[in-house]
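Here the structure comes first, spelled out in structure tokens, and everything after it is commentary.
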Amino acid sequence: MNQNHELPKTYSPGEFEDRIYKNWCDKNYFTPTIDKSKPHYSIVIPPPNITGQLHMGHALDNTLQDILIRYKRMSGFCTLWLPGTDHASIATEAKIVAAMREEGLTKEEIGREKFLERAWDWKEKYGGRIVSQLKKLGSSCDWSRERFTLDEGCSRAVKDVFIRLYEKGLIYRGERIINWCPHCLTSISDAEVEYEDQAGFFWHIKYPFTDGSGYLEFATTRPETMLGDTAVAVNPNDERYKDIVGKTLRIPLVGREIPVIADEYVETDFGTGVVKITPAHDPNDFEVGRRHDLPIINVMTPDAKIVDDYPKYAGMDRYEARKAIVEDLREQGYLIKVENYTHNVGTCYRCSTTVEPRVSMQWFVKMKPLAEPAIKAVREGDIKFVPERFDKNYFHWMENIRDWCISRQLWWGHRIPAFYCDDCGEMVITKDESAVCPKCKKAMRQDPDTLDTWFSSALWPFSTLGWPDETEDLKYFYPTSTLVTGYDIITFWVSRMIFSGLEYMGEKPFDTVLIHGLVRDAQGRKMSKSLGNGIDPLEIIEKYGADALRYALATGNSPGNDMRFSDEKIEAARNFANKLWNASRFVRMNLTVDSIELPSPEKLGIEDKWILTRFNNTVSEVRAALDRFDIGVALSLLNDFTWDIFCDWYIELSKAKLNDRENPANKITQNVIGYVLIGTLKLLHPFIPFITEEIYLSLPHSDESIMISKYPEYDSAIDFSSEAVKLDKIIDVTKSIRARRSEMNVAPSRKAKLFIATKYNDIFNEESAVFFTRLASASEVIISENFDSDERISLDEAVQVITDTATVYIPLSDIIDFEKEKERLNGERKKLLGEIERLEKKLSNEGFVAKAPAAVIDGEKAKLAKYRENLAGVDAAIEKLH
RNA sequence: GGAGGCAUAGCUCAGUUGGUUAGAGUACAUGCUUGACAUGCAUGGGGUCGAUGGUUCGAAUCCAUCUGUCUCCACCA
């Protein structure tokens with residue numbers, strides 16, 4: 001037994017949370033010792049960006065993970081929660097570029113090496129910020145295994161994968177049209193493009209035929225790209241244009257001659273059925289161009305300005321050029337009309353700049369062969385999404401997958417291990433940093449590009465465990481158990497981890513993907529910087545404590561659904577913690593025993609059997625809920641048990657014995673209340689780890705920390721269901737008495753005698769009488785089968801309280817309004833008759849009796865019997881009023 | 001254009017293979033310095049479970065259609 005201490009009068013989380021966290025770290029509780037005889041449970045953290053600050057999304061994600069991890073750890077699993085951070089190439093690089101701009105510097109001026117030095121400095125300085133914030137939340141990550149997507153091991157894994165895929169023919173380099181961000185100056189993948197509706201115009205333009213036979217009219221939303229037109233296309237089946245296919249047009253302002261071609265891509269019923277083709281600046285046009293072998297004419301610089309080949313517009317950005325070109329077309333009579341037009345425009349997910357499709361040399365991963373096994377794994381249930389519906393999302397994306405553009409024109413990231421010989425054009429893919437041309441024997445030049453950030457995150461579940469080495473960690477903890485993340489990155493990340501795990505490990509990366517929604521503000525809006533409606537989790541922790549924050553995020557929330565975060569919610573959470581704190585203080589100050597042992601059944605009072613039974617049921621229900629990832633349900637079960645069952649009923653019921661040190665049952669009660677409190681703390685620990693630990697250590701305890709104690713299990717030895725029901729009846733009567741008194745405005749201070757007429761003396765007896773004294777304002781409790789001719793009370797002058805097990809008479813004749821009383825009883829009677837009629841009908845329905853399960857029928861019969869008992873009581877009461 | 005979520009008390013949300021008199025928190029009303037807690041205790045009012053139809057002995061729950069709302073995917077010049 002450990003030394004225990006008093007709890008301070010007020011719940012002040014700020015005073016113990018950091019101290020407790022430090023203690024856990026010092027004792028290395030978060031670091032598992034691999035034990036092959038035990039089952040493992042592992043989670044890899046979705047690595048937050050090093051540029052990030054903890055926001056509500058992180059807080060939710062990590063709270064859920066910590067709940068699962070702590071639950072499993074206490075349930076005897078060898079548990080690893082592996083933390084780490086993501087280098088976030090584009091986001092980090094943008095920050096550093098911005099910081100340099102303040103100093104008047106550019107990337108190019110300082111060069112790659114110096115730039116990377118700055119980036120690493122920046123990582124050292126700020127990369128730890130988010131980690132320390134995760135600690136404030138109570139996250140029980142094994143920090144000794146912390147990883148970074150750009151650390152040596154992860155980099156080795158990335159190179160290895162790149163080379164393997166290349167050798168397998170699944171990585172290729174090619175000139176393709178890709179999404180280019182003119183602001184970030186890099187390509188971005190399809191998944192990184194966000195589409196938004198923008199108001200624009202539809203310009204109707206005509207190009208003249210070179211043979212002088214008139215003009216061809218069409219419409220475009222991007223007139224500036226006409227500089228790069230290399231054809232105009234119509235649908236081959238379009239009767240209107242049959243004769244002009246093969247003719248030649250001259251582009252106004254430019255003068256170049258281009259053909260009219262026929263391609264299925266053109267839809268006859270949209271616009272004029274004619275499309276100008278600009279292979280260099282539109283993905284569809286690019287495809288058309290390939291089919292027809294059209295030249296590709298790039299008209300823009302990387303920052304989306306017109307190139308020098310068009311002197312009149314050279315140097316103008318896309319939008320200036322558009323204006324100028326439209327003006328020129330108008331002047332020269334080529335502009336027919338302008339319509340308003342709203343269309344969807346792709347923008348960069350980082351900076352929201354409109355994406356400019358651009359033809360360039362990039363690296364790609366061939367996705368089809370990788371996607372197939374990944375689809376199969378989910379289809380066959382090897383990997384499960386919770387909730388299940390998200391697999392539709394996943395399948396849709398995987399089945400329509402396109403090749404993945406993985407090269408980025410950035411410096412901060414994993415540099416592509418491709419080397420080129422400037423002399424002979426030879427290319428070598430190698431881990432060797434100083435490759436030599438196999439033909440010319442000269443030093444080669446490494447590809448300047450880096451890889452998409454998601455390329456390294458895709459390997460996260462095994463690169464962090466040591467892959468490509470066969471480490472002990474990898475052998476034991478892979479595949480990981482549960483992946484917890486938001487639905488917004490299923491395609492970005494989850495799907496890529498799945499195909500990566502299957503391809504390189506030959507095994508799925510995790511069993512289950514637990515999906516959660518977004519944390520929105522109180523009005524249901526997405527939290528965003530621009531709206532300024534973000535709530536800072538650290539401020540919440542400061543004000544209410546980490547436990548309250550965790551509670552607020554975990555409660556009333558089901559997998560996959562968005563939730564709202566409001567002051568009300570966090571206050572309710574804090575109030576729960578406060579309630580638990582005070583209940584514990586009460587227990588603590590009544591405890592004189594120095595160890596808690598469960599008394600043998602014959603010593604237990606009815607209330608003890610009741611609370612133990614309810615506790616036991618709660619244990620099974622909470623475990624079942626957690627096992628199916630119903631975290632919100634589990635917590636609400638615990639809330640109800642703690643507050644309603646334990647505090648409002650059991651503590652009140654126990655006070656009689658607890659306050660009476662002379663009572664021989666006093667020590668029994670101490671042990672029961674201590675047992676249930678400690679069990680409840682353990683059940684609650686995964687959700688609210690700090691307060692439960694602080695309280696646990698103040699009580700007689702057997703483990704040095706609650707987090708390494710055993711999570712309660714269902715125990716048949718404390719299942720007294722049949723006897724516990726009796727206390728439910730006592731509660732029914734108590735509530736009815738209170739209701740009647742409250743209805744008649746009788747002050748609780750006014751005590752009255754209670755005459756209980758009942759045939760259930762196993763429920764209503766000397767032992768239970770005390771409960772009515774304490775909880776139902778009874779001055780004295782008299783129990784008898786009936787009081788019909790009892791001189792102690794005249795029944796027609798008493799308030800009557802009727803339940804199915806007892807009728808209680810309260811002599812309060814001076815305040816009874818008999819008319820009102822009659823009205824009430826008649827109302828009651830009508831209600832009961834209605835219920836009885838409904839049930840009788842149901843039970844005489846042949847279909848119901850024949851087809852419903854026996855348990856349901858028995859339940860309905862029991863209800864009917866109860867209502868009949870009640871009705872008999874009400875009828876008798878009405879009788880007495882006459 | 002394709003797919004999906006949500007619609008239950010004034011508000012925020014639970015409701016687990018169809019069987020409750022439909023629940024909680026909060027707000028509201030009334031009463032209470034009940035020796036753990038007013039961040040509390042007790043009592044109460046408040047819902048034809050979005051609409052219509054269907055399956056069933058039985059539907060908030062399953063199916064179909066519709067309405068409103070949010071999201072994801074694709075992107076037509």
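Convention: sequence-line order gives letters A, B, ...; per-chain numbering from 1.
A cation-pi contact, defined as under 6.0 Å to the ring centre and within 45° of the axis, links R496(A) to W404(A). A cation-pi arrangement is not found for K384(A) relative to F629(A), the charged atom failing to lie both closer than 6.0 Å to the ring centre and inside a 45° cone about the ring normal.
Taking 4.0 Å as the cut-off between side-chain N and carboxylate O, D521(A) and R564(A) do not count as a salt-bridged pair. A salt bridge does not link E835(A) with R868(A): every distance from a Lys NZ or Arg NE/NH1/NH2 to an Asp or Glu carboxylate oxygen is 4.0 Å or more. E356(A) has a carboxylate O that lies under 4.0 Å from a charged side-chain N of R222(A), or vice versa, which qualifies the two as a salt bridge.
K9(A) has its NZ atom 13 Å from the P atom of rU39(B), to the nearest Å. Put simply, CG on D197(A) is 15 Å from P on rA74(B), counting in whole angstrom units. The CG-P distance, from N561(A) to rU71(B), rounds to 15 Å in whole Å. Separating the CD atom of E571(A) from the P atom of rA38(B) is a distance of 16 Å, rounded to the nearest angstrom. What separates CD of E194(A) from C1' of rU71(B) is a distance of 13 Å, to the nearest Å. One interatomic measurement links the two molecules: NZ of K579(A) to C1' of rG25(B), which rounds to 15 Å at whole-angstrom precision. Remark: C1' of rU69(B) and CZ of R525(A) are 17 Å apart, rounded to the nearest angstrom. The nearest whole Å value for the distance from the CD1 atom in I737(A) to the P atom in rG31(B) is 23 Å.
Within the nucleic acid shown, R574(A) comes within 4.0 Å of at least one base atom, counting heavy atoms only. Residue contacts shown for P283(A) are absent, as no nucleic acid heavy atom lies under 4.0 Å away. Residue K851(A) is classed as a base contact, given a heavy-atom separation below 4.0 Å to a base. At the heavy-atom level, K655(A) lies under 4.0 Å from base atoms of the strands shown. Among the heavy atoms of the strands lying under 4.0 Å from V266(A) is at least one base atom, whether or not backbone atoms are also near. Heavy atoms of I651(A) sit under 4.0 angstrom from at least one base atom. The residue E568(A) sits close only to the backbone: its heavy atoms come under 4.0 Å of sugar-phosphate atoms, none of a base. Heavy atoms of F395(A) sit nowhere under 4.0 angstrom from any nucleic acid atom. If you check every strand for non-hydrogen atoms under 4.0 Å, F218(A) touches nothing. W203(A) comes within 4.0 angstrom of no nucleic acid atom, judged by non-hydrogen atoms across all strands. K863(A) comes within 4.0 angstrom of the backbone, heavy atoms only, and of no base. Nucleic acid contact class of N344(A) (heavy atoms, under 4.0 Å, all strands): base. Within the 4.0 angstrom heavy-atom criterion, no nucleotide atom of any strand lies near S636(A). Among the protein residues, D488(A) comes within range of no part of the nucleic acid, since none of its heavy atoms lies under 4.0 Å from any strand.
Distance from the side chain of R838(A) is smallest for rU21(B) among the nucleotides rU21(B), rC37(B), rA77(B). Candidate nucleotides rC76(B), rG19(B), rC37(B) were compared by shortest atom distance to the side chain of A852(A), and rG19(B) ranks first. For N745(A), taking side-chain heavy atoms from C-beta onward, the closest of the listed nucleotides rU30(B), rA36(B), rA14(B) is rU30(B). Set against rG5(B), rA77(B), rU43(B), the side chain of Y265(A) has rA77(B) as its closest nucleotide. With rC37(B), rA14(B), rU12(B) as the candidates, the nucleotide lying closest to the side chain of R564(A) is rU12(B). For Y341(A), whose side chain is taken as the heavy atoms from C-beta onward, the closest listed nucleotide among rU12(B), rC73(B), rA77(B) is rA77(B). Considering only the side chain of F270(A), rC76(B) comes nearest among rC76(B), rA14(B), rC72(B). Residue K392(A) places its side chain closer to rG4(B) than to any other of rU43(B), rG4(B), rA14(B). For R389(A), taking side-chain heavy atoms from C-beta onward, the closest of the listed nucleotides rC57(B), rG5(B), rC37(B) is rG5(B). Of the listed nucleotides (rG44(B), rA77(B), rC37(B)), rA77(B) has the atom at the smallest distance from the side chain of T221(A).
Going from the P atom of rC72(B) to that of rC66(B) covers 24 Å, rounded to whole Å. Between rG53(B) and rA60(B), the two P atoms lie 14 Å apart (nearest whole Å). One P atom belongs to rG50(B), the other to rC13(B), and the distance between them is 15 Å to the nearest Å. For the P atoms, the distance linking rA3(B) with rA74(B) amounts to 15 Å, nearest Å. Rounded to the nearest Å, the gap between the C1' atom of rC41(B) and that of rU55(B) is 49 Å. Taking the P atom of each, rA59(B) and rU21(B) are spaced 13 Å apart, rounded to whole Å. Of the P atoms belonging to rU69(B) and rC62(B), the separation is 24 Å, rounded to the nearest Å. Rounded to whole Å, the P atom of rU39(B) lies 45 Å from the corresponding atom of rU52(B).
The side chain of N575(A) places an N or O atom within less than 4.0 Å of a non-bridging phosphate oxygen (OP1 or OP2) of rG40(B). Contact annotation: K569(A) does not reach the phosphate of rC13(B) (side-chain N/O to OP1 or OP2, under 4.0 Å). OP1 or OP2 of rA42(B) has not a single side-chain nitrogen or oxygen of R741(A) nearer than 4.0 Å. An OP1 or OP2 oxygen of rC76(B) is reached within less than 4.0 angstrom by a side-chain nitrogen or oxygen of N284(A). Distances shown here put a side-chain N or O of R738(A) below 4.0 Å from the OP1 or OP2 atom of rU43(B). Look at T220(A) and you won't find any side-chain N or O under 4.0 angstrom from OP1 or OP2 of rA77(B). Note on W643(A): a side-chain N or O is less than 4.0 Å away from OP1 or OP2 of rC41(B).
For rA14(B), there is no paired nucleotide, since no Watson-Crick or G-U wobble pair has both relevant distances below 3.5 Å. If you check rG1(B) for Watson-Crick or wobble pairing at under 3.5 angstrom, you find it paired to rC73(B). Base pairing analysis places rC28(B) opposite rG44(B); the two distances defining the Watson-Crick or G-U wobble pair are each below 3.5 Å. With a cut-off of 3.5 Å on both Watson-Crick or G-U wobble distances, the partner of rA60(B) is given as none.
Taking the six-membered ring for Trp, F385(A) and F390(A) have ring centres at least 6.0 Å apart.
Contact of E652(A) with rA42(B) (side chain to base): no donor-acceptor pair of N or O atoms is detected under 3.5 Å. A donor-acceptor contact under 3.5 Å is formed by the side chain of Y867(A) with the base of rU21(B).
When the shell of 6.0 Å around CD of E846(A) is examined, it contains 12 or fewer heavy atoms from other residues, nucleotides or ligands.
Classified by interplanar angle (parallel below 30°, tilted 30° to 60°, perpendicular above 60°), the ring pair Y11(A)/W581(A) is tilted. Aromatic ring pairs are classed by plane angle as parallel below 30°, tilted from 30° to 60° and perpendicular above 60°; the pair W643(A) and F576(A) is tilted.
A donor and an acceptor atom, one from each side chain of S558(A) and N561(A), are located under 3.5 Å apart.
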